[in-house]
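Input: one structure, supplied below.
We use all heavy atoms of the structure for the numbers below, so side chains are in, but hydrogens, waters and symmetry mates are not.
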Amino acid sequence: MALRLAEGTAWSDVLARAVAATPEAFGADVDGVTTLHNLIEGDWRAVGRPAPACTPVDNTVIIHLPRLDADSARAAVAYAANAHRAWAATPLADRKARVADALEALTAHRDLLALLLVWEIGKPWRLACADVDRALDGVRWYSEEIDRMLADGREPLPGPVSNIASWNYPMSVLVHAELVQLLAGNAVIAKTPSQGGAVCLTVAHALMRRAGLPATLVSGGGEELSEVLVRAPEIGAVAFVGGRSNGGKVAAALLDSDKRHFIEQEGLNAWGIWNFSQWDLLATHLKKGFEYGKQRCTAYPRFVVQRDLVDEFLDMYLPVVRSVRFGHPLAVGDDWTAGDPLPELDFGPLISAAKADELHRKVDEAVRGGAVPLHRGKLTGAPFLQGQDTSAYVAPSVLLAPPGRSRLMHAEPFGPVDTIVVVDTTDELLAAMNASNGALVASLACDDTDEAAKLAVDLQAFKVGINKPRSRGDRDEPFGGRGASWKGAFVGGDLLVQAVTVGGDDRLYGNFPDYNSYPAT
């Protein structure tokens, strides 16, 4: 049966809704494609060199991003610093009221923001809605708790917070963090991720600006803007979420600075399977782990399995992999009518055709080096539109024993590719789970929870789950990383507010050049 787009979900329809909601943030067409504005110096401005941005859903150009140069970015940062001083002096009650106004406007446009995420970064509808809802619900919680969090005399930072985040969670990570930073008395600057999420962030920031919040949103390449957004003396703190390569550059740029920072980078998060028998329980967790094609820093792409359990593990695991649903997130049948639910998928495309090609090459490299392909899924049979470009889609793959020199052995694939390592001793288990010099999360599947707890002590992960996965967490749950997966202050709950304020002895939890300090997790 031929599939079609659900009525009202075509990009032209979604973009028209965005322009109608926040016309001030959109500019003229270039070659028939709308150009976004940058939010700088308190207003939406038609500055920057337009560059086309594609949707991973079907690889078509959907918007032009106005890439700023360094001089324009410097002016934006200088203005934000002045706005920061005024905002820091604004009474907390007034800050809360303006954030509440922004939340009300964002909530009114919740479905639009979610549809933008479907098109811009390929999230299926349910996951796109969850990203928006997590942001709004989380900020509501902080709004209720912020008086207590600041009651010990904590004050805003000396300058605005510069936020440089990856594309995969524009609302629940980036906008959420900005709104909490604003509650704490800081002006905020955000860089639009180059790979996706620009229109969603533009609409969100237009609504935030209407509420009177001192927010700046800039587009541009890291090579042009990183020096300004990281090292400008006016910046009070740098918040980074992304890969280790770019995160390492940001960390290096801050070495000769005492600037507050929190740099979240991916790690190779692993599940260890040892003396375990609760396979139905594990199957439920692993199926959910494929959400958004494992394109998140807390995904689990590595399984370290006791040799005596490999057969039972595969009996459970391979049917889970084969049951994963992926495809075009808005493709429906002829019998679909308005009001029916949109497709229920585990994931859509990866963030780009280039990323999909890179992942295919990593898998091929590992297989040529000796990895055993236990499962290599195909796009055949997945729900796509007739004639649609599918270059950004990758079916799940599972490799046994990737060779030590393989990139998949030591780095997170950031896609639906799992690797399995077989071990005979607990020492081998720990070594294989710690292969990437630090991780954000890890989990152990073990019937004896006391044994699992003893093993967990030696895992280089910030959070360790026993017979369950661990996630970034929401509200009062702290979040950080061990080893190379995190630099600077930890966040989450009170820790996030402490990271963007000053007061007390300011010996924050986190990984710093002269000390490491970890909260209970």
Side-chain angles (χ1 to χ4, degrees), residues 18 21-25 37-45 76-77 79-110 112-113 132-151 153-163 165 170-190 192 200-218 234-237 239 475 491 493-494 496-502:
T22 55
E24 67 271 25
H37 286 163
N38 280 294
L39 178 56
I40 59 175
E41 301 182 50
D43 200 5
W44 292 98
R45 301 195 176 189
V77 169
Y79 181 93
N82 289 329
H84 173 85
R85 286 187 283 274
W87 183 248
T90 301
L92 177 57
D94 293 344
R95 300 200 303 260
K96 289 169 62 177
R98 292 194 201 177
V99 169
D101 289 344
L103 285 173
E104 183 178 358
L106 290 165
T107 302
H109 292 285
R110 177 259 200 182
L112 169 60
L113 295 167
V132 179
D133 292 342
R134 282 182 62 194
L136 304 184
D137 291 344
V139 177
R140 291 187 187 101
W141 180 84
Y142 275 95
S143 296
E144 295 171 354
E145 298 290 330
I146 192 67
D147 293 85
R148 173 188 61 78
M149 293 176 174
L150 298 176
R154 300 198 70 84
E155 299 289 340
L157 295 170
V161 181
S162 177
N163 294 272
M171 292 295 297
S172 63
V173 172
L174 181 52
V175 170
H176 173 274
E178 288 182 273
L179 289 169
V180 176
Q181 293 159 12
L182 286 158
L183 278 171
N186 303 286
V188 297
I189 303 168
T192 301
C200 177
L201 287 171
T202 295
V203 171
H205 281 77
L207 300 173
M208 291 161 60
R209 187 73 195 108
R210 287 181 186 177
L213 298 176
T216 296
L217 181 67
V218 298
E234 299 95 332
I235 297 295
R475 302 184 181 184
V491 297
D494 287 30
L496 173 53
V497 172
Q498 292 168 15
V500 296
T501 55
V502 292

When every non-hydrogen atom of Ala184 is compared with those of Leu150, the smallest separation belongs to CA-CD1, 4.4 Å
Does Gly493 offer a backbone N or O that forms a donor-acceptor pair with the side chain of Tyr142 under 3.5 Å? yes
So, does Arg154 use its side chain to make a donor-acceptor pair with the main chain of Gln498 at under 3.5 Å? yes
CA sep, side-chain torsions, deciding dist, call: Met208, Leu182, side-chain contact (heavy atoms from CB on, under 4.5 Å): CA-CA 10 Å; Met208 291 161 60; Leu182 286 158; 4.1 Å; yes
Indicate yes or no for a side-chain donor-acceptor contact from His84 to the backbone of Pro156 under 3.5 Å, with no hydrogens or angles considered. no
Which pair of non-hydrogen atoms, one from Ala21 and one from Leu112, has the smallest distance, and what is that distance? CB-CD2, 4.2 Å
Is it true that Asp101 and Arg98 make a salt bridge, defined as a side-chain N closer than 4.0 Å to a carboxylate O? no
Ignoring hydrogens, what is the shortest heavy-atom contact between Ala102 and Ala211? Give both atom names and the distance. N-CB, 3.7 Å
Euclidean distance, Asp137 CG relative to His176 NE2, rounded to 0.5 Å: 9.5 Å
Quick one: pull up CG in Leu136 and OG1 in Thr107 and give me the separation to the nearest 0.5 Å. 4.5 Å
Quick one: does Arg95's side chain have a donor or acceptor within less than 3.5 Å of a partner on Thr90's backbone? yes
Shortest non-hydrogen contact from Ala187 to Ala80? CB-O, 3.8 Å
Before accepting this row, confirm whether a basic side-chain N of the pair Glu24/Arg209 lies closer than 4.0 Å to the acidic partner's carboxylate O. no
With the side chain counted from C-beta on, respond yes when His205 and Val175 share a heavy-atom pair under 4.5 Å apart, and no when they do not. yes
Compare every heavy atom of Ser143 with every heavy atom of Leu183, then report the nearest pair and how far apart it is. CD1-OG, 3.6 Å
The reported gap from OG1 in Thr202 to NE2 in His37 (rounded to nearest 0.5 angstrom) is 10.5 Å
Arg148 and Asp494, any side-chain heavy atoms less than 4.5 Å apart: yes
Does the Arg45 side chain pair with the main chain of Asn38, one donor and one acceptor, at a distance under 3.5 Å? no
Roughly how far, to the nearest 0.5 Å, is the CD1 atom of Ile146 from the NZ atom of Lys96? 8.5 Å
Any side-chain to backbone donor/acceptor pair from Trp44 onto Ala206? Under 3.5 Å, distance only. no
For Glu178, is there any backbone N or O sitting under 3.5 Å from a side-chain donor or acceptor partner on Asn163? no
Working to the nearest 0.5 Å, report the span between CZ of Arg140 and CG of Leu179. 11.0 Å
Checking side-chain contact (heavy atoms from CB on, under 4.5 Å) against Gln181, which of Val497, Leu157, Val500, Ile189 comes through? Val500
Dump the intermediate steps for side-chain contact (heavy atoms from CB on, under 4.5 Å) on Ile40 and Tyr79, then the final yes or no. CA-CA 8 Å; Ile40 59 175; Tyr79 181 93; over 6 Å; no
To the nearest 0.5 Å, tell me how far Leu113 CG sits from Asp133 CG. 10.5 Å
Nearest heavy-atom pair of Gly159 and Asn186: which atoms, and what distance? O-OD1, 4.1 Å
